[in-house]
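Here is the structure we will look at.
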Amino acid sequence: MAFDIDMIKGVYSKMKERVDTAKSIVGKPLTLSEKILYSHLWDGQPTKGYTRGKDYVEFAPDRVACQDATAQMALLQFMQAGKPKVAVPTTVHCDHLIQAKSGAEVDLKHANETSSEVFDFLESVSNKYGIGFWKPGAGIIHQVVLENYAFPGGMMIGTDSHTVNAGGLGMVAIGVGGADAVDVMAGMPWELKFPKLIGVRLTGKLSGWTAPKDVILKVAEILTVKGGTGAIVEYFGPGAKSMSCTGKGTICNMGAEIGATTSTFGYDESMERYLRATDRADVADAANNIKSYLTADPEVYDNPEQYFDQVIDINLSELQPLLNGPFTPDLSTPVGSEMTGKAKDNEWPMQVEWGLIGSCTNSSYEDLSRASSIAQQALDKGLKTKAEFGINPGSEQVRYTADRDGILEVFEKLDAKIFTNACGPCIGQWARYSDPKNAPKNSIVHSFNRNFAKRADGNPNTHAFVASPEITAAIAIAGRLDFNPMTDTLINEDGEEVRLDEPTGWELPPKGFEVKENGYLEPEEDGSHVNVVVAPDSERLQLLTPFEPIGNDITGAKLLIKAYGKCTTDHISMAGPWLRYRGHLDNIANNTLIGAVNAFNKKTNFVKNQLTGEYNGVPDVQREYKKNNIWSVVVGDHNYGEGSSREHAAMQPRHLGVAAVIVKSFARIHETNLKKQGMLGLTFANESDYDLIQEDDTFNFLDLESFAPDQPLNVEVVHTDGSKDTIALNHTYNDAQIKWYREGSALNLIKKQNA
Ligand code: MIC
Ligand code: SF4
């Protein structure tokens, strides 16, 4: 039986009427995305149509999911909201804080020892407030959600950008910062700008070496890392129907890499099969009763150009396997000879040292079974793998079943390391080097979603390429970046030329899923007696002190850093070794912007202290400004804050005294996070004004007292030679968000309202 089946039935019981009402108001057939959005309005019945990309709308999501690295801050904030229990079903998943080093058993034990304080904190907070808790080793949040909680037509939010994975099961699932999750957990509306809609029509059929991963690698190539910003991507067409549910999850998962608000697919037989295989026949039966409400109206998919803001066509029969990277997930190269010249021209190391299979995007039973069919061929054909293999199964259920079915054994025979059911190398939790900063230049291939510099192993010289699990396996065996399994042969141990056959596998385990201990802890019915302890001298956890409002008088603010080029949340608040401080704001603030490139010297963590003229690390310089009661400003390029949902990337600068972040454009979640923490997140009205900013600049905000929606703000930028530029800055704050700014943070406002 499914978790929270009554809640799911409740959603379905209201869906028909709400969707029908919305349809008559809007006066045209609806996409699936609109059906889900209009049936989850905070006010219940739709009363008006919304303008896409413009109107802020209040929603009532059905559930919330948090992972250990972001849950700490989310729950520290929730604890201040003054509520006895979460208002909607919520879960916490321990998956990010487990390092991959020796293999699952040893690594999990080590994590449980080194992070016990954090795990105990999360477990007791969960128990107190009625939150379901998934222990370390239970699996990666998004695989566990897909297996247990996602349901067609539902709406959820999660404190992780890859929450969007649940679109594989027909949800509108959206990644948010912890402060947004607090709204929903506290029983308040959750606000989102009504998204634009991008339709992707899939025709043809995947075959041979091409996998669902290649669909999203192609979409990333087409739309780039910011092309999906502010939009929901809805996939449809015969190609969509022919794909497995977990394959759809892969595609939706990596929608985060194009900045999409989320991605989704209409309910179909693959979803029904997956629901039944994961012991949720009750959900499948309930969904079957309202099938037509869980997908778009037929007119929409027949004439998508009339209903979507943009339509992309992909013919799966013509799609080639792709390798995306290095350093960005949208740089595509078809597998094979095109890579030969490209790698040479760009000096990407041709030899591949590791093939890693796992992460929330590709760690399903199907993924492991298809990759293992390639690994099995290496054994059968006498091939020695040239690169090392690392595998992270997505959940204990997948691991147990894959072990039972002999899939893991195949990898083990190739000396693969089977790591914990956790994020591991995907988030820098990989003990690959003792001194990553000085580690050699090398290439790796993985089935993950992100490949930003230093992400997997902390080594800036690691060139990481993203591919499907089956291509990852083939390239790891061949050890060459330009290996094309469709055309190239390999020499085996007997000196013979052999070829790898196409991958095969099972969509779902033929003998069914099985698991002994899934790692789930149900919270007590009444957790009010549970005492949550945070030691005052803890290095890992720190209770939050409310932020003081920044106010109208920002004058004499110093430029902290003008970031050059890509500045993702990994650059603003690095993960890997820093994950240990995710619950301690002051300690983690010591990594603030240390990965951002200073536009004036192209170095990282080396900025001018305007008070002394000396150069120093970003956090040190910023702490000096703070000590002297001087506000500061961060300047950035396009898609600033791309990647993670981690609100630390906003809270840390806020804690250290940054008043405003001024950029050419923002990634959605990061922009909201800045607003939630009561800061100014602004964009240049003229992009080229970025070029006016000089190293010694001082900023005077001219009109904050009249801060209002749809009205630009103006800042006077004073240069060292005494000359001045007055720059217009756009913003997307609505009235409520301006209140957050006025109160010091959204949380301050909640506390006031609950007092
Ligand atoms: C990621 O993939 O970057 C993470 C780590 O899962 C983040 C969340 C975090 O920073 O804790 C995400 O995607 O939101
Ligand atoms: Fe974990 Fe990687 Fe997925 Fe983020 S992208 S949730 S780090 S597996």
Side-chain angles (χ1 to χ4, degrees), residues 7-8 10-64 88 150-158 163-176 180-181 183-184 188-200 228-236 252 255-256 259-267 287 290 292-297 299-301 304 306-310 668-669 672 734:
M7 177 271 281
I8 297 172
V11 171
Y12 286 173
S13 71
K14 295 181 203 117
M15 196 143 182
K16 269 189 179 174
E17 200 192 337
R18 291 185 179 181
V19 169
D20 290 342
T21 309
K23 216 186 324 193
S24 65
I25 291 172
V26 179
K28 61 182 173 79
L30 296 178
T31 60
L32 167 65
S33 309
E34 288 165 305
K35 289 185 183 180
I36 300 179
L37 294 171
Y38 277 108
S39 59
H40 285 85
L41 298 174
W42 177 255
D43 290 335
Q45 283 297 341
T47 51
K48 58 179 268 213
Y50 296 101
T51 309
R52 299 176 191 169
K54 188 165 179 293
D55 289 343
Y56 280 102
V57 182
E58 292 188 334
F59 291 102
D62 304 316
R63 59 180 318 121
V64 178
V88 302
F151 65 98
M155 181 188 227
M156 70 178 284
I157 60 164
T163 303
V164 293
N165 189 70
L169 206 34
M171 280 196 116
V172 160
I174 302 179
V176 296
D180 280 51
D183 291 346
V184 180
M188 295 170 12
W190 173 70
E191 187 189 67
L192 179 75
K193 195 180 270 180
F194 204 85
K196 294 202 169 210
L197 300 175
I198 300 176
V200 180
T229 307
I232 297 186
V233 184
E234 186 169 323
Y235 292 84
F236 61 93
C252 293
T261 301
T262 191
S263 308
T264 194
F265 283 83
Y267 180 58
I290 56 159
S292 62
Y293 288 83
L294 302 176
T295 189
D297 292 323
E299 297 89 329
V300 171
Y301 293 160
Q306 288 178 22
Y307 301 97
F308 290 98
D309 298 290
Q310 183 183 353
R668 174 188 62 87
I669 308 179
T672 309
N734 60 20

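Model, not experiment: these values are computed from the prediction.
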Check: Take atom NZ in K196; do more than 12 heavy atoms of anything else shown fall under 6.0 Å from it?
Finding: no
Check: Are the charged groups of D297 and K28 less than 4.0 angstrom apart, N to O?
Finding: no
Check: Hey, what's the ring geometry for W190 with F59, parallel, tilted or perpendicular (30° and 60° as the breaks)?
Finding: tilted
Item checked: From CD (E299) to OH (Y301), nearest 0.5 Å -> 12.0 Å
Check: Under the side chain to side chain donor-acceptor pair (under 3.5 Å) test, which residues partner S39, sequence neighbours left out?
Finding: none
Note to self: Assess the residue pair R668 and I174 against the criterion (side chain to side chain contact (heavy atoms under 4.5 Å, CB included)); give the C-alpha distance rounded to whole Å, side-chain angles, the decisive distance to 0.1 Å, and a yes or no.
What the structure shows: CA-CA 11 Å; R668 174 188 62 87; I174 302 179; 3.4 Å; yes
Check: Taking the side chain as C-beta and beyond, is there a heavy-atom pair between T264 and S33 under 4.5 Å?
Finding: yes
Next item on the list: Would you check if L37 and P195 make a side-chain contact, meaning some heavy-atom pair closer than 4.5 Å?
Entry: yes
Check: Going through the checks in order, is the side chain to side chain contact (heavy atoms under 4.5 Å, CB included) test met by V300 and F308?
Finding: CA-CA 8 Å; V300 171; F308 290 98; 3.7 Å; yes
Item checked: Ionic contact status for E234 with K35, cut-off 4.0 Å -> no
Next item on the list: Mind listing the closest non-hydrogen atom pair of G228 and I198 along with its distance?
Entry: CA-CD1, 4.3 Å
Check: What closest approach, in Å, do L30 and V19 show between heavy atoms, and which atom pair accounts for it?
Finding: CD1-O, 4.0 Å
Check: Atom OG1 of T21 and atom NZ of K16: how far apart are they, to the nearest 0.5 Å?
Finding: 13.0 Å
Checklist line | Chi angles and distances behind the side chain to side chain contact (heavy atoms under 4.5 Å, CB included) call for E191, T672 | finding: CA-CA 10 Å; E191 187 189 67; T672 309; over 6 Å; no
Item checked: CD (Q45) with more than 12 external heavy atoms under 6.0 Å -> yes
Notebook entry, point to check: Say you draw a straight line from CZ of F151 to CE of M156; how long is it, rounded to the nearest 0.5 Å?
Noted result: 9.5 Å
Next item on the list: Answer yes or no: is there a donor N or O on one side and an acceptor on the other, between the side chain of D309 and the main chain of L197, under 3.5 Å?
Entry: yes
Notebook entry, point to check: Nearest 0.5 Å, what's the OG-CG distance between S263 and N165?
Noted result: 10.0 Å
Check: Taking side chain as C-beta onward, heavy atoms only, is Y267 less than 4.5 Å from Y293?
Finding: no
Next item on the list: Report the distance from atom CZ of R52 to atom CD1 of I232, rounding to the nearest 0.5 Å.
Entry: 10.0 Å
Check: What is the minimum heavy-atom distance between A166 and A150, and which atoms define it?
Finding: CB-CB, 3.9 Å
Note to self: Let me confirm one number: the NE2-CG distance from H40 to L192, rounded to the nearest 0.5 Å.
What the structure shows: 13.5 Å
Checklist line | Over all atoms of both residues, closest heavy-atom pair of T163 and I157 | finding: CG2-C, 3.9 Å
Checklist line | Minimum heavy-atom distance between Y38 and G49, given as atom pair plus value | finding: OH-CA, 3.4 Å
Checklist line | Any L294 side-chain heavy atom under 4.5 Å of Y12 side chain | finding: yes
Margin query: Has T262 got a side-chain atom pairing as donor or acceptor with A173's backbone, closer than 3.5 angstrom?
Written below: yes
Notebook entry, point to check: So, for I36 and G153, which heavy atoms are closest and what is the spacing to 0.1 Å?
Noted result: CG2-O, 3.6 Å
